[in-house]
Amino acid sequence: MALIHHTTLRPTKLELLTVWLPTRPWYRGGPDVPALEKSGGFRLDDPEGEVGIEFMVATDMSGPERTAYLVPLTYRAAPWDGAEHALIGTMEHGVLGKRWAYDGCHDPVLVTELLSLIEGNAPAMAQSITDTRDHEVTRSHSGAPFDLDGFTPEPTDDRDGTRLPVPGGTILHVHRALASVDEHPPLPRQGALGHVATGWQGPNGTRPRAVLMTLLDA
């Protein structure tokens, strides 16, 4: 169980993402610096209790139209050897000390628990409350169980998001710039083998919903 500490972070997560997001090929903003607000998300628990796992929705308010981005993050108490390419930045946590924040799509701890969520074997947890499930998150899976023995994530970013090959000859498509849908709960697209979906805080008190990840045949 992840213990949520309500304390200070310097710099904040949003300050780190303000620098990092414009370097991504799926970033939709222009040349101006993004103005980010935290709009939602959820967490997963690391069974070993060592790595923090968060799926944050951050909304860029700087343009004429708001864009909500999905950012899977992991937080570690020490540098992750060989993962400098996935490092977003470091923060000073008011309780835990220095923390290293990584793009979670590269982190086997996050990906393993995400696939467990898709299979229905790991619950989505509330983003800011300890030991509380997030019942707004929905998932589905119609394929064979994942064999994760020796699995190492090798994600690829492009304009459409992040493509992550997973065991069983499938691709997990992580939708980075979120598009709202009318269904409640949101449903995966036709032909998908699995999905994860939830809502986030939209303008004027609205709560749009989107499919965050889609499992597809390779």
Side-chain angles (χ1 to χ4, degrees), residues 1-7 13 38-58 68-77 93 95-96 99 101-149 151-153 155 161-162 164 166-168 170-176 178 180-181 183-189 192-202 207-216:
M1 178 186 70
L3 180 62
I4 308 301
H5 299 279
H6 297 279
T7 185
K13 299 171 188 179
K38 183 178 177 180
S39 303
F42 63 95
R43 288 179 176 264
L44 295 175
D45 284 342
D46 171 17
E48 303 298 324
E50 296 294 330
V51 178
I53 303 172
E54 180 178 14
F55 294 81
M56 181 187 292
V57 178
Y69 295 99
L70 174 65
V71 187
L73 296 161
T74 55
Y75 309 108
R76 290 172 173 263
H93 190 283
V95 175
L96 301 175
R99 305 291 284 175
Y102 291 94
D103 179 357
C105 289
H106 294 263
D107 196 319
V109 175
L110 179 144
V111 176
T112 295
E113 293 311 305
L114 173 57
L115 295 178
S116 293
L117 169 67
I118 291 174
E119 287 185 308
N121 297 323
M125 305 302 290
Q127 193 173 30
S128 302
I129 307 173
T130 298
D131 197 23
T132 301
R133 294 196 179 194
D134 187 335
H135 296 289
E136 190 175 15
V137 177
T138 62
R139 41 68 53 194
S140 68
H141 183 235
S142 59
F146 299 110
D147 180 6
L148 299 176
D149 186 30
F151 173 65
T152 300
T162 301
L164 179 60
V166 297
T170 55
I171 297 289
L172 186 63
H173 183 193
V174 181
H175 306 282
R176 296 291 201 152
L178 301 181
S180 61
V181 295
E183 302 98 337
H184 178 55
L187 302 175
R189 76 191 198 196
L193 302 176
H195 86 292
V196 177
T198 195
W200 72 94
Q201 187 62 48
R207 193 156 183 86
R209 292 173 171 82
V211 175
L212 308 183
M213 304 102 174
T214 307
L215 186 67
L216 304 167

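Checking side-chain atoms of Thr132 against main-chain N and O of Thr130 turns up a donor-acceptor pair under 3.5 Å. Within the 3.5 Å criterion, the main-chain N or O of His195 finds no donor-acceptor partner in the side chain of Thr214.
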Donor-acceptor pairs are to be reported for all side-chain atoms of residues 47-58 against protein atoms at under 3.5 Å, with residues two or more places apart or in another chain.
from  : atom 1 : to     : atom 2 : distance (Å)
Glu54 : OE1    : Lys13  : NZ     : 2.8
Glu54 : OE1    : Tyr75  : OH     : 2.5
Glu54 : OE2    : Gln127 : NE2    : 2.8

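Side-chain contact between Trp200 and Thr198 is absent, with no heavy-atom pair separated by less than 4.5 Å. Between Phe146 and Thr170, the closest side-chain pair of non-hydrogen atoms falls below 4.5 Å. Residues Leu178 and Leu212 meet the side-chain proximity criterion, which asks for heavy atoms closer than 4.5 Å. For the pair Val109/Thr74, no side-chain contact is recorded, criterion being any heavy-atom separation below 4.5 Å from C-beta on.
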**OP:** List the steps and the verdict of side chain to side chain contact (heavy atoms under 4.5 Å, CB included) for Leu110 and Leu44.
**Re:** CA-CA 8 Å; Leu110 179 144; Leu44 295 175; 5.7 Å; no

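The two residues Arg207 and Gly199 make their nearest non-hydrogen contact at NH2-O, 3.5 Å. Of all heavy-atom pairs between Pro123 and Leu117, the closest is C-CD1, 4.2 Å. The shortest non-hydrogen separation linking Pro153 to Val111 is CG-CG2, 3.8 Å. Among all heavy-atom pairs drawn from Pro72 and Cys105, the shortest one is CG-SG, 3.9 Å. Residues Lys38 and Ser128 come closest through the heavy atom pair NZ-OG, 4.1 Å.
Taking OG from Ser140 and CG from Leu215, the interatomic distance works out to 8.5 Å, rounded to the nearest 0.5 Å. Residue Met213 holds its CE atom at 10.0 Å from CG of Leu164, rounded to the nearest 0.5 Å. We find the CG-CG distance between Leu114 and Leu172 to be 5.5 Å, quoted to the nearest 0.5 Å. Remark: Leu193 CG to Leu216 CG distance equals 7.0 Å, nearest 0.5 Å. Separation of atoms CG (Leu115) and CG (Asp147) is listed at 11.5 Å; rounding is to 0.5 Å.
Looking at residues two or more places apart in sequence or on another chain, you find a side chain to side chain donor-acceptor pair (under 3.5 Å) between Ser39 and Thr59. Remark: Asp103 pairs with Arg176 by the side chain to side chain donor-acceptor pair (under 3.5 Å) rule, at least two apart or across chains. Legend: residues meeting salt bridge (Lys or Arg N to Asp or Glu O under 4.0 Å) with Arg133, ordered by chain and number and at least two apart, are absent.
Sorted by first and then second residue, the ring pair (Phe, Tyr, Trp, His ring centres under 6.0 Å) pairs involving residues 101-125 (not counting sequence neighbours) are Trp80-Tyr102, His85-His106. Sorted by first and then second residue, the pairs that involve residues 107-130 and meet salt bridge (Lys or Arg N to Asp or Glu O under 4.0 Å), not counting sequence neighbours, are Arg76-Asp107.
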